[in-house]
Enquirer: 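Pasting in a structure now, in structure tokens, and then I'll have a few things to ask.
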Amino acid sequence: MADTIENSKHLSDASPPLVDEKYGTIRALVAADLLDERYQPTQRGLSNRHVQMMALGGTIGTGLFVGSGAALAVGGPASLLMGYIFISVLVYSLVTAIAEVGAYMPVHGGTMSYHGYRYVSRSLGFAMGYLYWYSLGILVPYEITAASLVIDYWNPNVNIAVWITIMLVVIVALNFFPVKVYGESEFWFAGLKIITLLGLLMLSFILFWGGGPNRERLGFHYWKDPGAMNTYLVSGDAGRFVGLLKSVVSSAIAFIFAPELIIISGGEMESPRRNVPRAARRYIYRLVFFYIFAVLAIGVICPSNDPILTSGHEDARASPFVVGIKNAGIPVLDSIVNAAVLTSAWSAGNSFLYMSSRSLYGLAMSGNAPSVFKTCNRWGVPYLAVAASAVFSLLAYLSVGNSSSTVFSWLVNFTNTSGFISWMCCCIVYWRFRTAARTQGIELPYRSRIQPFGSWFGFGGALTLCLINGFTVFFPSQWSVSSFFTAYIGIPAFLILYAVHRIIYWSDPWAWRPEDVDLQTGLQEIEAAERPPPVRDTWWKKMMVVID
């Protein structure tokens, strides 16, 4: 490994930029953008404990705490569980694939769109970058809207615009602080979410055995009555299958853009070549304990035909955890859980704005956005990219004039499609990167045992989810122009971005040749950022590996 690093360093110093008349100038382009000394780069202020906690809980938000209620009402507990298991396997397949890419070249601004530009083509990097920028930006008002609805649970008789403004100001302000402050805030936010989920799992276990105030032993009662799988839109087995598909699609919002957070943060973390693989390997714990166990607990404590779930409310009252707590007759705890949901939405909005701003910064680094967005302050924060990305947050004010649940549904449908497209593109980037590394004889610092087979499953699963995202609108009783538009507009938007850029740069190849891909520029800084792992010579230091 040491020989490989030394050879890489030698090549990055000695090899001139490769310019090929037929296949473009990828190495010259990368060197010009990445090594532009006019702009101060971001700083590596995220420690290992920040990264590990962000990987565990960074994007856990209202998709799990609130959105799972809609999926439960449609498909029943068995459909909800199967949906989460399917998407968890898909997401883990994607995480381990893109971690190979991110661990090798975690440069400043190294988003998946940047890797798409570097390993596939300028056009793919351009289209992915703007897909990330606007989709992640739109997820911020989605979380803010959900958080404002959580506050409305207590009926404060205050206009919702006041709460939206307060949360928006705090989220934007946190992203203007040094990345270490952002990482510290997310460490505690994510820790609170994990503690909340662990508490809810323990509560569900107690209620399972009849430990609630009413002494009713729940067991798997709700799997029998009203049933494990609900029918949806049509009757019989066909209706149960439709309910399962709808539950799978509805469950996806809890996972959207979560894998990409590890890669985006790679450019600002300490020792990225060690910490990116560690975060990827531990990702399975998050998926099992904080998603699959959570929805299994939901199926135990909350009936799928509860009037609150089936009345169409997509707010905090529709959280299946809150419904289960109220049905069990436990006082006060529903408000405590809603407070935790509030901080969860706040935290997820904070993460999505961070990811959106770094996507714009990555676009500037790859030459696909104005260079002014490379500008960082003395703390290494790309403040102009943060300001531009924060503009999307103003969409949260739509919920002031429209039904909040309607705005909630619009944002869910739109971002789902974008997330599925992103996952397919991540697989393409991984395939081209792996081909280039094999062709050039590069030894990678991290290799996953399930790859490349996992990426094939990930691509197929993401493609299927993208196509069926809005399938219910094709039922006559469910047809809606707005629903169809929000469910599928992401597909033509992405294709138009790609096609327009492809036409402008028609002389570029469809994909860089494997032997031309630049796997050298930027390695020196990455190697310099690596630090030896801490020595754990006492029992309490060894225990710290859980969070550090």
Enquirer: CD of Glu143 to CG of Leu353: how many Å apart, nearest 0.5 Å?
Expert: 12.0 Å
Enquirer: Would you check if the side chain of Ser250 reaches a backbone N or O of Lys246 as a donor-acceptor pair within less than 3.5 Å?
Expert: yes
Enquirer: For this output row, return yes or no: ring centroids of Tyr130 and Phe126 closer than 6.0 angstrom.
Expert: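 When the ring centroids of Tyr130 and Phe126 are compared, they turn out to be within the sub-6.0 Å range.
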Enquirer: Would you check if the distance from the ring center of Tyr430 to the ring center of Phe433 is below 6.0 Å?
Expert: no
Enquirer: Quick check against the 3.5 Å criterion: does Ser357 have a side-chain atom that pairs as donor or acceptor with the backbone of Tyr354?
Expert: yes
Enquirer: Please confirm whether the backbone N or O of Val295 pairs with a side-chain atom of Tyr84, one donor and one acceptor, at under 3.5 Å?
Expert: no
Enquirer: Do Asn368 side-chain atoms and Ala364 backbone N/O form a donor-acceptor pair below 3.5 Å?
Expert: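 Looks like no, no N/O pair under 3.5 Å.
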Enquirer: Donor-acceptor check, side chain of Arg432 to backbone of Val517, threshold 3.5 angstrom: yes or no?
Expert: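 Looks like no, no N/O pair under 3.5 Å.
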Enquirer: Establish, for the pair Arg502 and Trp510, whether the NZ or CZ atom is under 6.0 angstrom from the six-membered ring centre and no further than 45 degrees off its axis.
Expert: yes
Enquirer: Between Asn350 (side chain only) and Asn175 (backbone N and O only), is there a donor and an acceptor less than 3.5 Å apart?
Expert: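 Side chain of Asn350 to backbone of Asn175, a donor-acceptor pair under 3.5 Å: no, none is there.
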Enquirer: Apply side-chain contact (heavy atoms from CB on, under 4.5 Å) to Trp133 and Phe392, showing your working.
Expert: CA-CA 10 Å; Trp133 180 52; Phe392 290 107; 3.6 Å; yes
Enquirer: Do the ring centers of Phe352 and Tyr142 come within less than 6.0 Å of each other?
Expert: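 Between Phe352 and Tyr142, the centre distance exceeds or equals 6.0 Å.
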Enquirer: Taking the inter-plane angle between the rings of Phe474 and Phe484 on a 0 to 90° scale, is it parallel (under 30°), tilted (30 to 60°) or perpendicular (over 60°)?
Expert: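 Rings of Phe474 and Phe484: perpendicular, as their planes differ by over 60°.
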Enquirer: Please report the closest heavy-atom contact between Gly243 and Val74, naming both atoms and the distance.
Expert: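 It is O-CG1, 4.0 Å.
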Enquirer: Can you name the side-chain contact (heavy atoms from CB on, under 4.5 Å) partners of Tyr446, sequence neighbours left out?
Expert: Thr96, Ala99, Glu100, Ala103, Pro277, Ala280, Arg281, Ser448
Enquirer: Is the count of non-hydrogen atoms from other residues, nucleotides or ligands lying under 6.0 Å from Phe471 atom CZ greater than 12?
Expert: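 Buried by this count: over 12 neighbours within 6.0 Å.
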Enquirer: Indicate the atoms forming the closest heavy-atom contact of Val120 with Ile428, along with that distance.
Expert: CG2-O, 4.2 Å
